Amino acid sequence: MKATAIAPSNIAFIKYWGKTDETLRLPANGSISMNLSNLTTTTTVAFSPEYPQDSLLIDNRNDANEEKRVIAHLDRIREKKGISYKAKVVSMNNFPASTGLSSSASGFAALTVAAAQAAGLKLSEKELSILARRASGSACRSIPSGFVEWKKGDTSETSYATSLYPSDYWDIVDIVVVVSSEKKEISTTKGQTSSTSSPFFPIRLSHMEEKIKKIKIYLATKDFRAFGELIESEALEMHAVMMTSTPPLLYWLPNTVRMMKLVYTWRTEGIPVYFTLNTGQNVHLICQKKDISLLTKKLEEVQEIKQVIINTPAQEARIIDTHLF
Ligand code: DP6
C-alpha cells in the first residue's frame with residue numbers, strides 16, 4: 001500500500017482570498033490559475049499495519065507545524081476507504097517552502113493523489129480536487145492540467161477545479177524571483193481568517209465574477225497585455241485587502257517593492273512583463289516565452305535576487321513510479 005505522486009504548484013491570476021466556510025474550505029470567490037513546471041512536490045505515502053503512528057518528513061525534516069494538517073488529511077482518506085492503518089509520508093519540495101511559492105498547493109495535491117492511490121481508492125479528477133481542497137484551497141487547482149478554474153461552488157460537492165486549457169495552450173512563463181527565502185511569519189490559512197475585516201473586502205467580492213469573466217476572455221483571445229494588466233491589478237487589490245485587515249498583513253520586503261518597480265521600468269522600455277504576488281515576499285513575473293532571455297539578462301543585473309525559477313505551464317498532479325523510500 002505505497003504510492004508516489006508529483007504535483008505542480010500553481011500561480012493564481014485571479015486569487016482565492018477569504019472563505020465562506022473554514023472547515024470545508026469553501027472560497028468566497030472563484031479563482032483562475034496556471035500550474036508551474038518547476039515548483040513541484042514529490043510525495044510518497046505508505047499505509048501499513050506495522051506503523052505504530054503516522055510519521056511525516058518534509059524536505060528531510062520533521063515538521064511539527066504541518067503534521068496536524070497532514071494527519072487530518074490522512075484521516076479523511078482513511079475514512080473514505082474505511083481503513084485505520086497508520087501512514088509514513090515522505091515529501092520533497094524542489095523549492096523553498098512557505099515563502100509565497102504556494103508549497104501548500106503542490107504539497108497537498110501530491111499528498112492527496114499519493115495517499116488516495118496508496119489507500120486503494122479509485123477517485124475521479126473531480127473527487128481528487130474536492131479532497132485536495134479540504135486540506136488547502138489552492139491545492140484543488142493543482143489537480144487538473146494547465147490553465148485551471150476553481151469554481152466557487154456553494155457546497156463541498158460543487159467547489160472544485162477543472163482544466164480550462166492544457167499546458168501547451170499558451171506560451172506564457174512565470175519567472176519566480178526569490179528575493180528572500182525567509183519563512184513568512186503569518187501562515188496563509190491564518191491570514192485568510194482576517195480577510196473579511198478589511199473595509200475593502202466587500203468591494204473586492206462585488207466585482208470578482210466580472211474579473212473572472214474578463215480573464216477568461218483574455219485567455220481565450222491570448223490578449224497578453226489585457227491579461228497582464230488585469231492580473232497585476234488583481235494581485236495589488238488582494239494585497240490592499242491584506243494590508244487593511246485587522247491585524248494588518250504586510251508580506252512585502254523592500255526588495256519585493258524594488259522588483260515591482262523594476263517591472264514598471266522594464267515595461268516603459270517596451271518589454272511586456274507583469275507581476276503577481278501571493279502571501280510572501282517573492283515576486284512572480286509573467287511574460288511571454290520570447291522574452292525570457294531578455295528578462296533573465298535584466299535579472300542578472302539585480303544583485304539582491306537570491307534565485308530565479310523559470311516556469312512554463314505544467315501538467316496535472318500524477319502518480320509516478322519512483323518512490324522516496
Ligand atoms: C494568496 O490555499 O494556501 O496564494 O486554503 O488556507 O490552505 P488555505 O489557503 P491557501 O491560499 C492561497 C492564497 C493565495 C492566492 C491563491 O493561490 O489563490
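Note that the structure is predicted; figures quoted are calculated from it, not measured. One-based numbering, in listed order, for ligands and for the atoms of each.
- At a threshold of 4.5 Å between non-hydrogen side-chain atoms, the residues Lys290 and Pro272 count as touching.
- The aromatic ring centres of Tyr274 and Phe227 sit 6.0 Å or more apart.
- When each atom of ligand 1 is checked for a heavy atom of Gly137 under 4.0 Å away, the hits are 2 (O), 5 (O), 7 (O), 8 (P).
- Cation-pi geometry between Lys88 and Phe325 is met: the NZ or CZ atom falls under 6.0 Å from the ring centre, inside 45° of the normal.
- Residue-level proximity to ligand 1 for Ser138 is carried by backbone and side chain together, each with a heavy atom below 4.0 angstrom.
- Residue Ser138 holds its OG atom at 10.0 Å from CD1 of Ile11, rounded to the nearest 0.5 Å.
- Atoms CG and OG1, from Leu26 and Thr155 in turn, are 7.5 Å apart once rounded to the nearest 0.5 Å.
- At least one N or O atom of Gln192 sits closer than 3.5 Å to an N or O atom of ligand 1.
- Among Arg258, Glu300, Met259, the one residue that satisfies the side-chain contact (heavy atoms from CB on, under 4.5 Å) test with Ile305 is Met259.
- Neither the backbone nor the side chain of Glu22 comes within 4.0 Å of ligand 1, counting heavy atoms alone.
- At a 4.0 Å heavy-atom cut-off, ligand 1 touches Ala12 through the side chain alone.
- Short contacts between ligand 1 and Ser136, defined as distances under 4.0 Å to a heavy atom of the residue, involve ligand atoms 2 (O), 3 (O), 5 (O), 7 (O), 8 (P), 10 (P).
- For atom 17 (O) of ligand 1, the candidate residues are Lys19, Arg69, Lys15, Arg141; the nearest heavy-atom contact is made by Arg141.
- Under a 4.0 Å criterion applied to the non-hydrogen atoms of Met238, ligand 1 contributes the atoms 1 (C).
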* To do: Output, in order, the C-alpha distance, side-chain angles, deciding distance and verdict of salt bridge (charged side-chain N to carboxylate O under 4.0 Å, His left out) for Lys15 and Glu234.
  => CA-CA 7 Å; Lys15 314 276 188 188; Glu234 159 64 357; over 6 Å; no
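- Listed by number with element, the atoms of ligand 1 under 4.0 angstrom from any heavy atom of Thr188 are 3 (O), 9 (O), 10 (P), 11 (O), 12 (C), 13 (C).
- Taking the six-membered ring for Trp and the full ring otherwise, Tyr16 and Trp150 have centroids separated by under 6.0 Å.
- Compare Thr189, Ile11, Asn278, Thr193 by their heavy atoms: the one nearest to atom 4 (O) of ligand 1 is in Asn278.
- Contact atoms of ligand 1 toward Ser104: 3 (O) (distance under 4.0 Å to a heavy atom of the residue).
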